[in-house]
Amino acid sequence: MNEVDRSKRVVVTSPRARATGAAQRGVLDLDEQTTVGEVYLRSLMRTQLGLALTVCLTALILVAGLPLMFDLWPAAGRARVFGLGLPWLVLGVLAYPALVIGGWAYVRAAERNERRFAALVERR
Amino acid sequence: MSQGYGIAAISIVVALTAIIGAFGLRISRTTSDFYVASRTVSPLWNASAIGGEYLSAASFLGVAGLILAYGADLLWLPVGFTGGYLIMLVLVAAPLRRSGAYTLPDFTELRLNSTRLRALASVLVVGICWLYLMPQFQGAGLTLRTVTGAPLWAGELIVAIVVVTTVAAGGMRSITFVQAFQYWLKVTAILLPAAFLFLSWHADDSPSLTRDSLPRFAVATTVTAPEDLQIRVTQPVVPRVTGVVDGLRYVGGVAPLAPGPHTVAEGTRLDFPAGAPVPVEENLPAATDEAWAQPLSGGREHSLYTTYSLIIATMLGTMGLPHILVRFYTNPDGGAARRTTLAVLALLGVFYLGPTLFGALGRIYAPDLLLTGRVDSVVLELPSRMVGGTGGDLLSALVTAGAFAAFLSTAAGLTMSAAAVLSQDVFRSRDVRTFQLAAVPATLIPFLFALIAGGIAVGDAVSLAFAVAASTFCPLLVLGVWWRRLSTVGAAAGMVVGGASAGAAVLATIIGGPYQGWTGALLAQPAAITVPAAFLVMIGVSLLTPRHVPSNIHRIMVRLHVPEGLGQEAGDFSR
């Protein structure tokens, strides 16, 4: 980057950045609030927010739905599975792997969204 | 429990913490090292460190104690403690790391371009840290008292000194190593004894946990009242008494206790025969084992509301805890921040299997804790009761070590955060020396609180910290990351409304409570009201003050959401 003409503006990159010239154009769009950059950013944010809310909603239905189920249908609270009370099995044991699986699925999907976004920006 | 093993366990944990802290001292040199360990920590190390920092006195001792007392309703507590990381992962983890800010006040200023808002965030951070530090000190005092009979202040003093020394000596680099070590110690210290307890329960022909009767003493049990007790008897019971019950003095005579309230003077010895129903301390519910094992069946008043409020406070409060958030800055990039959070979910899930088992088995093997009200010590008491001999002593020593690790690591993380904010925003310096000095007031003030406010239950102060965090930083972070129209005025209004209402509610509970009926439920678990209120105020006021939206909002959103490596400026945020 030492050869850059000092009269021109350059993008200050982090050491990790491997941006090529083409990618830098896309990035300039993002930073400079051009219409295209704005559209890119909004689409990325919308995708990621949609994904985040899907995971939150699923967790909400599972975690917040259980008290309601046990309240409206007390028989579920007395049911026994493998010698364990259903609430103890679900909340004491199964809830944790379920949370991890949810998190794992989210991380995969979020990274895929970001790869698509990167491909879109760099193609220009 | 044998005193020698317990003291040895505590000494070893304290010594190891100090040694690892000193090891970190040789690596950390610059200011940046101190604050964020140069962001060179791998996801698994980072996740272990977050787990180590997060699993506090409340998780290690409190969860099992509350499950012992309240049963299935409280199973949502550890689920919420863990689920908070899922919410954090999906809503804020990567953007927070990408913001490049060191602390919550840094993020607030970066996102909203306002130094006054930064000051408000700083006050809240220090407040939440102090609220959360206080129960850590209390837990340490309680543990040392259980093990050695030492006065409460002794354990509090030990933790305070070790924490100030470690934080001042090594900063976050050493803390990262210390915390990671503490997590693995804590997991071993809860799961290994839990496995032995499970086998012991199995060898005992797996006595049922769901009998349709009040908890009963499994064997003839002697209880000595550690202080003056108010107890409630539901089924008549006839213990032999040496001491004073209901104002009458007994010397080894039988004292028939009719259903109703009774008083037991400090130091009184009560000998219960095997199979006798257990009288219960007046603030704890006297439920049959069957009702205890079922959710929402009358352990507490308004249990459905209370359960929802608990879920909201724990799941949304986690992201607002200052000492946890600071850990995200030790990830190299946003993707690593996500993978770290995912690993935290797994590590916490493994840990919380332990306290649940302790709480459930405590119902059979340590029901006298319901009588003395000291349910918080069930984790410390159970191993020596269920596993006899040297094995039991060693397991007891292990849980004691784990408990001390819990206080040390959480207190160290909180002290770090408070000291960072104090040195930057109060003493106005980024110098390492200032940071080291700031660790002293960061520890001293909550230590004094713990000495003065000896009577406040560990769980109450922790739930206050979570409710305040959920009502202030959660809306700020979620709206700050995802909503462009958040204005400075709106953010300030939401944080003030949320913080003041949540703070007032639980302070009222601590000072004047517990209250009865709806008042009691609302004040003890305010999050279901205060969190939505904070969100609504923040959104409403922001919409009314569009001129106070930061002008560089586009650039901020690019930094928060665009992955690293796409060329945008991803340098450190500096003032």
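All values reported here derive from a predicted model rather than from experimental measurement. Just so we're on the same page: letters track the sequence lines, and every chain starts at 1.
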- Item | Closest heavy-atom pair and its distance - A/F117, B/P563 | CD2-CD, 3.9 Å
- Query: Between CE of B/M557 and CE of A/M45, what distance do you get to the nearest 0.5 Å?
  - Reply: 4.5 Å
- Query: Is it the side chain or the backbone of A/L60 that comes within 4.5 Å of chain B heavy atoms, both, or neither?
  - Reply: neither
- Can any side-chain N or O of B/Y308 pair as donor or acceptor with the backbone N or O of A/A64 at less than 3.5 Å? yes
- Message: Please classify the contact between B/P78 and chain A as side chain, backbone, both or neither, with a heavy-atom cut-off of under 4.5 Å.
- Response: both
- B/G335 to A/E111 - nearest heavy-atom pair and separation: O-OE2, 4.3 Å
- Query: Say you draw a straight line from OG1 of B/T341 to OH of A/Y106; how long is it, rounded to the nearest 0.5 Å?
  - Reply: 9.5 Å
- Item | Distance in Å, B/T307 OG1 paired with A/L68 CG, rounded so as to fall on 0.5 Å steps | 11.0 Å
- Gap separating the CG atom of B/D73 from the CG atom of A/L91, nearest 0.5 angstrom: 10.0 Å
- Of the backbone (N, CA, C, O) and the side chain (C-beta and beyond), which part of B/I311 lies under 4.5 Å from a heavy atom of chain A, both, or neither? side chain
- With a 4.5 Å cut-off on heavy-atom pairs, point out which of B/L86, B/I312, B/T356, B/V481 contacts chain A the most. B/L86
- Message: How close do A/G103 and B/L345 get, counting heavy atoms only, and between which atoms?
- Response: CA-CD1, 4.2 Å
- Going through the distances and angles, do A/L41 and B/V562 end up as a side chain to side chain contact (heavy atoms under 4.5 Å, CB included)? CA-CA 8 Å; A/L41 179 67; B/V562 173; 4.0 Å; yes
- Query: Roughly how far, to the nearest 0.5 Å, is CG of A/L99 from OH of B/Y352?
  - Reply: 12.0 Å
- Do you know which two heavy atoms are closest between A/G92 and B/L353, and how far apart they sit? O-CD2, 3.4 Å
- Query: What distance separates A/W88 CH2 from B/I67 CD1, expressed to the nearest 0.5 Å?
  - Reply: 5.5 Å
- Query: Does any non-hydrogen side-chain atom of B/L348 lie less than 4.5 Å from one of A/Y96?
  - Reply: no
- Message: Between A/P87, A/A95, A/G102, A/A98, who has the most heavy-atom pairs with chain B when the cutoff is under 4.5 Å?
- Response: A/P87
